[in-house]
K.L.:
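Below are the structure tokens for one structure; questions will follow.
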Amino acid sequence: MKKYWLIKSEPDSYSIDDLKKDKSTLWENIRNYRARNIMRDEMQPGDLVFFYHSMAKLTGIAGIGKVVQVGLPDDSALDKKSEYYDPKATKDKNPWVAPKIGFVSKFKQVVTLEQIKNNKKLSGMSLFRVPRLSVHPITKSEFEIIKNLGEK
DNA sequence: GCCAACGTTGGC
DNA sequence: GCCAACGTTGGC
């Protein structure tokens, strides 16, 4: 069954426009086990993801992507020059994985964090229960509500 | 830039 | 395995 996710990104480093331009990207550099477990164990090709802009002028959900491929190794953990280098990771035993995310659509308008907070139907979102996590599950109804807001 | 809330590290 | 100290996230 198709699932829905939300992934956070700082648009200064990678925005929905970058994804649109690239068509798809390897979602690397997540160094949090909880987020890793979701990406490794639960994401499936075909799942849809909300693209969330954090630390942005307009904080909120900026568009939709889809999971193209899962379980790819995150090689930046092996790169000593990378900011995300993990000395515990080796080529044979790299704990970090990355999904490949493809572009689907950019919202006509960003669904802001404020809008989400003010919508009672969205108050149960994982986003609010687990602060600071960069990958969240989204329910089908949450997905539909936010998609409609964004495409208005 | 502040700071709350969490995650991670490392000494014991 | 506990927990204090430190680091990170991310809204404001």
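Labels below follow one simple rule: chain letters A, B, ... track the order of the sequence lines, proteins then strands, and each chain is numbered from 1.
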K.L.:
CG of Asp12(A) versus C1' of dG10(C): gap in Å, rounded?
P.N.:
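So the two atoms are 13 Å apart, to the nearest Å.
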K.L.:
Return the value, rounded to whole Å, for the distance between atom CG of Asn29(A) and atom P of dT8(C).
P.N.:
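Asn29(A) atom CG is separated from dT8(C) atom P by 14 Å.
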K.L.:
Counting distance only, does the side-chain N/O of Lys20(A) pair as donor-acceptor with the main-chain N or O of Phe103(A) below 3.5 Å?
P.N.:
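No, because the side chain of Lys20(A) does not come within donor-acceptor range (under 3.5 Å) of the backbone of Phe103(A).
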K.L.:
Between atom CE in Met125(A) and atom P in dG11(C), what is the gap in whole Å?
P.N.:
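Between P of dG11(C) and CE of Met125(A): 12 Å.
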K.L.:
What integer distance in Å separates His53(A):NE2 from dT9(C):C1'?
P.N.:
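Rounding to the nearest Å, NE2 of His53(A) and C1' of dT9(C) are 17 Å apart.
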K.L.:
Starting at CZ of Arg34(A) and ending at P of dA5(B), how long is that distance when rounded to a whole Å?
P.N.:
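Computing the Arg34(A):CZ to dA5(B):P distance gives 17 Å.
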K.L.:
Report yes if a side-chain nitrogen or oxygen of Lys8(A) is closer than 4.0 Å to either non-bridging phosphate oxygen (OP1 or OP2) of dG10(C); otherwise report no.
P.N.:
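Checking Lys8(A) against dG10(C): at least one side-chain N or O falls below 4.0 Å of OP1 or OP2.
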K.L.:
What is the distance, rounded to the nearest whole Å, between atom CD of Glu10(A) and atom C1' of dT9(C)?
P.N.:
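For the pair Glu10(A) CD and dT9(C) C1', the rounded distance is 8 Å.
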K.L.:
Any ion pair linking Arg31(A) and Asp86(A) (charged N to carboxylate O, less than 4.0 Å)?
P.N.:
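Not counted as a salt bridge, because no side-chain N and carboxylate O are separated by less than 4.0 Å.
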K.L.:
Could you check Arg129(A) against Met55(A) and say which one's nearest nucleotide on DNA chain B is further toward the 5' end?
P.N.:
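That would be Met55(A).
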K.L.:
Atom CD of residue position Glu114(A) - does it have more than 12 heavy atoms of other residues, nucleotides or ligands inside 6.0 Å?
P.N.:
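It does not: Glu114(A) CD has 12 such atoms or fewer within range.
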K.L.:
Write down the distance between CG (Leu133(A)) and C1' (dA4(B)), rounded to a whole number of angstrom.
P.N.:
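Distance, rounded to whole Å: 17 Å.
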K.L.:
From the list dT9(B), dT8(C), dG10(C), which nucleotide is the closest neighbour of the side chain of Arg132(A)?
P.N.:
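For the Arg132(A) side chain, the nearest candidate turns out to be dT8(C).
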K.L.:
Would you indicate what Tyr52(A) reaches in the nucleic acid, counting non-hydrogen atoms under 4.0 angstrom: base, sugar-phosphate, or nothing?
P.N.:
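Sugar-phosphate only.
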K.L.:
Counting only side-chain heavy atoms from C-beta out, which of dA5(B), dC12(C), dG10(C) sits nearest to Lys117(A)?
P.N.:
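The answer is dC12(C).
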K.L.:
Round to a whole Å and report the spacing from CG of Leu6(A) to P of dT9(C).
P.N.:
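Nearest whole value for this atom pair: 16 Å.
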K.L.:
Would you say the side-chain atoms of Tyr14(A) and Asn29(A) include a donor-acceptor pair closer than 3.5 Å?
P.N.:
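No, no side-chain donor-acceptor contact under 3.5 Å.
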